[in-house]
**Student:** 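Sharing a structure, written as structure tokens. Questions coming.
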Amino acid sequence: MKEQMIKVLLVEDDHLIAKRYQMILANDPQIECVGRAANGYEATMLAALHSPDVILMDIELEEKEAGLRATAEILTYMPDIKIVILTVCETDNTIFHAFELGVTNYLLKHMPADVIINSVKDAYFDKPTLHSNIANKITREFKRIKTAEDSLLKNFHIITQLTPTEIEVLELLMKGYNRQEICRMRHVEVSTIKSQINSILKKFEKDSVQQVVALLQELHFLEILNQRKGKPSRLPMG
């Protein structure tokens, strides 16, 4: 019984590099190179035409991220295809973005023939080897997300501890009113507003009103308040 061939589509715009890869792939009896694309459009077209098992995808084609755009399109409509991206340098953000899109692995272009072949077979047999720098990047990203989530929960908890008066003062500050204007609007002394603002700063562990306002803008505090009140947010005129 004939062994199942691994169909590979090569996407590389450099002719010499493409020829080298084609020769390497042709030397393995388990691999069939079903085509070569030189740009993102050809990559998506040939992927649809040949339904390859694995695509070796150059990141930089006719434009800097054309390979990533082609990757996103292919994986949207043909999610079973395994894509190994080809790159000349290990740039964290670009490669991490590729993994976010769903690529299986990445490969430095000038790696030895056996590494290239093994990368294709690992992808086909669902045995990707995650490079250490990407593993570290993913670990850092999960930590960042966890920290952001913890911070979000903490700040929402602080908001629930605010008094109705403090919420009203914060709402006016976020709408652009200064302390004197707030005093007149609320018919209170400056010392009262100062005391209320100091209480707000203490609860948020911030040094200035500007820091609290910036934080609440990130949390869409005004939108949340206005949804509860059932009215759109408005900034003061003038």
**Student:** Say you draw a straight line from CD of E63 to CG of L68; how long is it, rounded to the nearest 0.5 Å?
**Tutor:** 11.5 Å

**Student:** List for me each residue that meets side chain to side chain donor-acceptor pair (under 3.5 Å) alongside K7, sequence neighbours excluded, and say none if there are none.
**Tutor:** none

**Student:** Let me see the working for R36 and E42 under salt bridge (charged side-chain N to carboxylate O under 4.0 Å, His left out), right down to the final yes or no.
**Tutor:** CA-CA 8 Å; R36 177 233 168 168; E42 290 180 359; over 6 Å; no

**Student:** Consider only side-chain heavy atoms of I, L, V, M, F, W and Y, link residues closer than 4.5 Å, and tell whether M57 and L16 are in one cluster.
**Tutor:** no

**Student:** Counting C-beta onward and ignoring hydrogens, is there a side-chain heavy-atom pair between F204 and L162 closer than 4.5 Å?
**Tutor:** yes

**Student:** Could you tell me whether the side chain of M174 reaches within less than 4.5 Å of the side chain of L216, counting heavy atoms only?
**Tutor:** yes

**Student:** With rounding to the nearest 0.5 angstrom, report the CZ to CG distance, R184 to N178.
**Tutor:** 7.0 Å

**Student:** With rounding to the nearest 0.5 Å, note down the distance linking CG in N118 to CZ in F125.
**Tutor:** 11.5 Å

**Student:** Same cluster or not: M78 versus L49, using hydrophobic residues (I, L, V, M, F, W, Y) connected whenever any side-chain heavy atoms lie under 4.5 Å apart?
**Tutor:** yes

**Student:** Might you work through the side chain to side chain contact (heavy atoms under 4.5 Å, CB included) test for I159 and L219, ending with a clear yes or no?
**Tutor:** CA-CA 10 Å; I159 290 172; L219 297 175; 4.1 Å; yes

**Student:** Hey, quick one: are M185 and V190 part of the same hydrophobic cluster, counting side-chain heavy atoms closer than 4.5 Å, chains of contacts allowed?
**Tutor:** no

**Student:** Side chains of S208 and Q211: does their closest heavy-atom pair fall under 4.5 Å?
**Tutor:** yes

**Student:** Is the shortest side-chain heavy-atom distance between L25 and R20 below 4.5 Å?
**Tutor:** no

**Student:** Hey, is CE on M45 packed in by over 12 heavy atoms from elsewhere, all under 6.0 Å?
**Tutor:** yes

**Student:** I'd like to check T71 versus V103 (side-chain heavy atoms, cut-off strictly below 4.5 Å). Are they in contact?
**Tutor:** yes

**Student:** Which donor-acceptor pairs under 3.5 Å do the side chains of residues 195-202 make with protein atoms, sequence neighbours left out?
**Tutor:**
from : atom 1 : to   : atom 2 : distance (Å)
N198 : ND2    : K194 : O      : 3.3
S199 : OG     : E166 : OE2    : 2.6

**Student:** Inspect the contact between K109 and D58 and indicate whether a charged nitrogen and a carboxylate oxygen are less than 4.0 angstrom apart.
**Tutor:** yes

**Student:** Might you work through the side chain to side chain contact (heavy atoms under 4.5 Å, CB included) test for E32 and V8, ending with a clear yes or no?
**Tutor:** CA-CA 6 Å; E32 176 189 5; V8 177; over 6 Å; no

**Student:** Taking it one step at a time, do V209 and R179 satisfy side chain to side chain contact (heavy atoms under 4.5 Å, CB included)?
**Tutor:** CA-CA 11 Å; V209 168; R179 297 187 186 197; 3.8 Å; yes

**Student:** Would you check if E171 and L222 make a side-chain contact, meaning some heavy-atom pair closer than 4.5 Å?
**Tutor:** yes

**Student:** Please name the pair of heavy atoms, one in A37 and one in A43, separated by the smallest distance, quoted to 0.1 Å.
**Tutor:** CB-N, 3.5 Å

**Student:** Going through the distances and angles, do I55 and V11 end up as a side chain to side chain contact (heavy atoms under 4.5 Å, CB included)?
**Tutor:** CA-CA 7 Å; I55 297 177; V11 184; 3.8 Å; yes

**Student:** Look at the side-chain heavy atoms of Ile, Leu, Val, Met, Phe, Trp and Tyr, link any pair under 4.5 Å apart, and say whether L86 and L108 land in one connected group.
**Tutor:** yes

**Student:** Taking atom types as modelled, find out whether K121 and Q30 have a side-chain donor-acceptor pair closer than 3.5 angstrom.
**Tutor:** yes

**Student:** Of T104, I74, L9, which meets side-chain contact (heavy atoms from CB on, under 4.5 Å) against I81?
**Tutor:** I74

**Student:** Report yes if the side chains of E12 and L56 come closer than 4.5 Å at any heavy-atom pair, otherwise no.
**Tutor:** no

**Student:** With rounding to the nearest 0.5 angstrom, report the CD to CD1 distance, E205 to I158.
**Tutor:** 6.0 Å

**Student:** If I take atom CG from residue L10 and atom SG from residue C33, how far apart are they, to the nearest 0.5 angstrom?
**Tutor:** 5.5 Å

**Student:** Counting only heavy atoms from other residues, nucleotides and ligands, does the tally under 6.0 Å from CD of Q161 exceed 12?
**Tutor:** yes

**Student:** Would you call K82 and D53 a side-chain contact if the rule is heavy atoms closer than 4.5 Å?
**Tutor:** no

**Student:** Decide whether V120 and M111 are clustered together by the hydrophobic rule: side chain heavy atoms of Ile, Leu, Val, Met, Phe, Trp, Tyr closer than 4.5 Å, transitively.
**Tutor:** yes

**Student:** Measure the spacing between CD of E181 and NZ of K175 and express it to the nearest 0.5 Å.
**Tutor:** 13.5 Å

**Student:** Write down the atom of P52, the atom of V34, and the distance for their closest heavy-atom approach.
**Tutor:** CB-CG2, 4.3 Å

